[in-house]
Amino acid sequence: MENVFDYEDIQLIPAKCIVNSRSECDTSVTLGKHTFKLPVVPANMQTIIDEEIALYLAENGYFYIMHRFQPEKRIDFVRDMQERGLFASISVGVKAEEYEFIEQLADRNLTPEYITIDIAHGHSNAVINMIQHIKRLLPDSFVIAGNVGTPEAVRELEHAGADATKVGIGPGKVCITKIKTGFGTGGWQLAALRWCAKAASKPIIADGGIRTHGDIAKSVRFGASMVMIGSLFAGHEESPGETIDKDGKLYKEYFGSASEFQKGERKNVEGKKMYVEHKGALQDTLTEMEQDLQSSISYAGGTKLEAIRNVDYVIVKNSIFNGDKVF
Ligand SMILES: NC(=O)C1=CN([C@@H]2O[C@H](COP(=O)(O)OP(=O)(O)OC[C@H]3O[C@@H](n4cnc5c(N)ncnc54)[C@H](OP(=O)(O)O)[C@@H]3O)[C@@H](O)[C@H]2O)C=CC1
Ligand SMILES: Nc1nc2c(ncn2[C@@H]2O[C@H](COP(=O)(O)O)[C@@H](O)[C@H]2O)c(=O)[nH]1
């Protein structure tokens, strides 16, 4: 790999504007059979999404992926969402009981519209076998498989039947995989995304490392159809998890899915816990993301997200913030 870079090393180059107002720019994206307002999905983590947030997002035209950490609730969740006329989007792992869970869904004639296989190291036979199991029993579910960080992995998972792949190993804010194992796409996630996207024949979801709204546009430029975000969605009023008061300021917890807090034991820990500033209402962030992305589209010289895919860019190696503090 040459020319590796990450989000903060890149600036996109403006093209001539063709709209009179940023409100003319359309940020919607189609994934599978549904179209969503934004190419953004909150991470399927326990301090980012719960049933209430999933319902809100689905009802308001946003994509969501429910986490897999309360497995016993998933069947009722799928049924409830579909009875309300909404899409069901859940996560699974790869252990033996997850195979049984897919069989239970099929036995009950419940087909979630989206199933995400949520594993740290997605380039594995465990994930390939699970993709094939889901496609055999629930052929109409749109399967997102990951996480991966190489073109070879993207091709293999697509070949096994995945409808989309999720790229990103180690760039997450509460991730310690890069430190504990020495592996991953941390520090060059955007270049890894470009590398993977060149090999992909189906949509790619860029996962982890998004620190600013501009990073969403950069992800689209380098091949993402959708972007999964944890830390920017953590700490909202609606976010699950503990709120603490420190010196009169409110903070909320955000922990990794492979952290000791999630696992309940200190085994193969590759995630940590942190506190993020309380951010207010989730909808305010979604609205600001939409406005910022509309502005990105206008700078790209178009009216739709696809315009961003063709813009030129420069590599400015770690200098775009000029010492400004982002967080
Ligand atoms: N995107 C990222 O960078 C990362 C994300 N995570 C998140 O943490 C959560 C836990 O992930 P994960 O540990 O995969 O899930 P699980 O703990 O559910 O593990 C799933 C299965 O995969 C096996 N497994 C896990 N990692 C490896 C590996 N490196 N090599 C071989 N087998 C492996 C496990 O066995 P055993 O435990 O016995 O090895 C287990 O049987 C997920 O939500 C995941 O998204 C975790 C790390 C990185
Ligand atoms: N290495 C680990 N990665 C994790 C863990 N829990 C979640 N994740 C990944 O992070 C992203 C969110 O990243 P962010 O930069 O937007 O905060 C999430 O979608 C997972 O892929 C973990 O414990 N270890």
Side-chain angles (χ1 to χ4, degrees), residues 6-8 40-49 63-71 90-99 101 116-130 144-150 153 165-190 192-193 196 204-213 215-216 219 224 226-235 239 241 252-276 285 289 326-327:
D6 213 339
Y7 288 100
E8 64 176 279
V40 166
V41 59
N44 47 348
M45 299 166 71
Q46 210 170 345
T47 46
I48 299 298
I49 187 155
F63 188 41
Y64 78 90
I65 303 176
M66 186 59 192
H67 66 72
R68 66 177 167 94
F69 301 109
Q70 288 167 313
I90 57 165
S91 303
V92 297
V94 293
K95 292 183 181 167
E97 58 269 25
E98 297 293 73
Y99 281 78
F101 168 63
T116 297
I117 305 174
D118 171 37
I119 294 297
H121 188 7
H123 191 188
S124 67
N125 285 335
V127 168
I128 288 169
N129 293 339
M130 181 53 93
I144 299 167
N147 276 20
V148 298
T150 63
T165 52
K166 197 144 65 72
V167 171
I169 297 187
K173 185 99 174 177
V174 284
C175 165
I176 53 173
T177 299
K178 51 189 173 282
I179 295 159
K180 292 197 65 172
T181 73
F183 280 81
T185 58
W188 62 291
Q189 165 71 359
L190 192 59
L193 171 63
C196 290
I204 285 200
I205 301 178
D207 180 11
I210 301 288
R211 300 287 173 264
T212 67
H213 295 180
D215 294 346
I216 301 168
S219 302
M226 184 71 77
V227 181
M228 177 172 268
I229 303 179
S231 56
L232 291 187
F233 281 117
S239 305
K252 281 192 102 158
E253 65 177 350
Y254 174 41
F255 56 73
S257 304
S259 65
E260 193 178 342
F261 305 93
Q262 181 76 66
K263 293 184 160 205
E265 60 174 340
R266 207 181 169 87
K267 182 169 177 288
N268 293 125
V269 167
E270 290 186 22
K272 64 181 180 183
K273 170 165 157 171
M274 63 185 291
Y275 287 89
V276 297
T285 296
M289 271 181 188
V326 190
F327 313 108

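Heavy-atom basis, side chains included; hydrogens, waters and symmetry copies ignored. Counting starts at 1 for both ligands and their atoms, in listed order.
- Classification of Glu270 and Lys180 as a salt-bridged pair fails, no side-chain N sitting under 4.0 Å from a carboxylate O.
- Remark: ligand 1 atoms within the under-4.0 Å shell around heavy atoms of Gly170 are 2 (C), 3 (O).
- Nearest non-hydrogen protein atom to atom 24 (N) of ligand 2 is Glu270 O, 2.7 Å.
- Under 4.0 angstrom from ligand 2, there are no non-hydrogen atoms of Gln262.
- Annotation: the span from Thr185 atom OG1 to Leu190 atom CG amounts to 10.5 Å, rounded to 0.5 Å.
- The option with the heavy atom closest to atom 1 (N) of ligand 1, from among Gly122, Ala120, Gly168, Ala126, is Gly168.
- Separation of atoms NE2 (His123) and CD1 (Ile169) is listed at 10.0 Å; rounding is to 0.5 Å.
- Note: Tyr99 OH to Asn129 CG = 4.5 Å, rounded to the nearest 0.5 Å.
- There is a protein heavy atom closer than 4.0 angstrom to atom 41 (O) of ligand 1.
- Taking every non-hydrogen atom of Ala258 and a distance limit under 4.0 Å, the qualifying atoms of ligand 1 come out as 8 (O), 46 (C).
- For Tyr254, every heavy-atom contact with ligand 2 shorter than 4.0 Å involves the side chain, none the backbone.
- For atom 46 (C) of ligand 1, a protein heavy-atom neighbour is found at a distance under 4.0 Å.
- Proximity of atom 11 (O) of ligand 1 to the protein is indicated by at least one non-hydrogen atom lying closer than 4.0 angstrom.
- For ligand 2, the polar-atom distance check finds an N/O of Gly209 within less than 3.5 Å of one of the ligand's N/O atoms.
- Under the 4.0 Å distance rule, the nearest protein heavy atom to atom 22 (C) of ligand 2 falls inside the cut-off.
- Remark: the backbone N or O of Gly93 is paired with a side-chain donor or acceptor of Glu98 at under 3.5 angstrom.
- In this structure, the protein non-hydrogen atom closest to atom 18 (C) of ligand 2 is Asp207 OD1, 3.4 Å.
- Considering Ile229, Thr181, Thr177, Val227 only, the shortest heavy-atom separation from atom 1 (N) of ligand 2 involves Thr177.
- Annotation: Lys272 places no N or O atom under 3.5 Å from an N or O atom of ligand 2; distance criterion only.
- Less than 4.0 angstrom separates atom 25 (C) of ligand 1 from none of the non-hydrogen atoms of the protein.
- Side-chain contact check for Ile144 versus Ile65: some heavy-atom pair is nearer than 4.5 Å.
- Between Lys166 and ligand 2, a contact under 3.5 Å exists for no N or O pair.
- When only non-hydrogen protein atoms are considered, atom 7 (C) of ligand 2 lies nearest to Met45 CE, 3.3 Å.
- If you number the atoms of ligand 1 from 1 as listed, the ones under 4.0 Å from a heavy atom of Asp118 come out as 42 (C), 43 (O), 44 (C), 45 (O).
- Here is the list of ligand 2 atoms found below 4.0 Å of a heavy atom in Gly208: 13 (O), 15 (O).
- Annotation for ligand 1: atoms under 4.0 Å from non-hydrogen atoms of Thr177 are 47 (C), 48 (C).
- Tyr254 and Ser239 form no side-chain donor-acceptor contact under 3.5 Å, judged by distance and modelled atom types alone.
- For the atom pair OH (Tyr7) and OG (Ser219), the distance works out to 3.0 Å, reported to the nearest 0.5 Å.
- Annotation: Gly230 places an N or O atom under 3.5 Å from an N or O atom of ligand 2; distance criterion only.
- Residue Met228 has at least one heavy-atom neighbour below 4.0 Å for each of these atoms of ligand 2: 19 (O).
- Contact annotation for Asn44 and ligand 1: no heavy atom of the residue comes within less than 4.0 Å of the ligand.
- By the definition of a contact as any protein heavy atom under 4.0 Å away, atom 35 (O) of ligand 1 is not in contact.
- Atoms of ligand 1 found under 4.0 Å from any heavy atom of Ile169 (numbered from 1 in listed order, with element): 3 (O).
- In Phe69, the part holding a heavy atom less than 4.0 Å from any atom of ligand 1 is the side chain.
- Remark: ligand 2 and Cys175 share no N or O pair separated by less than 3.5 Å (distance only, no angle test).
- Each of the following atoms of ligand 2 lies closer than 4.0 Å to a heavy atom of Ser259: 23 (O).
- Closest to atom 27 (C) of ligand 1 among all protein heavy atoms lies His121 CB, 4.7 Å.
- If you check each of Val174, Ile119, Val269 against atom 20 (C) of ligand 1, the one with the closest non-hydrogen atom is Ile119.
- Arg68 contributes atom CZ, which lies 8.5 Å from atom CG of Asn44 (distance to the nearest 0.5 angstrom).
- Listed by atom number, the atoms of ligand 1 under 4.0 Å from Glu270 heavy atoms are 47 (C).
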Evaluation steps, side-chain contact (heavy atoms from CB on, under 4.5 Å), between Ile176 and Val269: CA-CA 8 Å; Ile176 53 173; Val269 167; 4.2 Å; yes
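- Nearest protein heavy-atom neighbour of atom 15 (O) of ligand 2: Arg211 NH1, 2.8 Å.
- Put simply, the side chain of Phe255 does not reach to within 4.5 Å of the side chain of Met274, judged on heavy atoms.
- Contacts with ligand 2 closer than 4.0 Å are made by side-chain heavy atoms of Asn147 only, the backbone lying farther away.
- Between Gln262 and Met45, every side-chain heavy-atom pair lies at or beyond the 4.5 Å cut-off.
- Under the 4.0 Å distance rule, the nearest protein heavy atom to atom 31 (C) of ligand 1 falls outside the cut-off.
- Taking 4.0 Å as the cut-off, Gln262 does not count as a neighbour of ligand 1 on heavy-atom distance.
- Separating the CD1 atom in Ile49 from the CE atom in Met66 is a distance of 6.5 Å, to the nearest 0.5 Å.
- Protein heavy atom nearest atom 10 (O) of ligand 2, with residue, atom name and distance: Gly172 CA, 3.8 Å.
- Every N/O-N/O distance between Asn44 and ligand 2 stays at or above 3.5 Å.
- The nearest protein atom to atom 5 (C) of ligand 2, hydrogens excluded, is given as Ser257 N, 3.6 Å; this is a heavy-atom distance.
- Of the protein's heavy atoms, Val94 CG2, 4.0 Å lies nearest to atom 22 (O) of ligand 1.
- Contacts of Lys95 with ligand 1, taken as heavy-atom pairs under 4.0 Å, involve the side chain alone.
- Side-chain contact check for Thr165 versus Cys196: every heavy-atom pair is 4.5 Å or farther apart.
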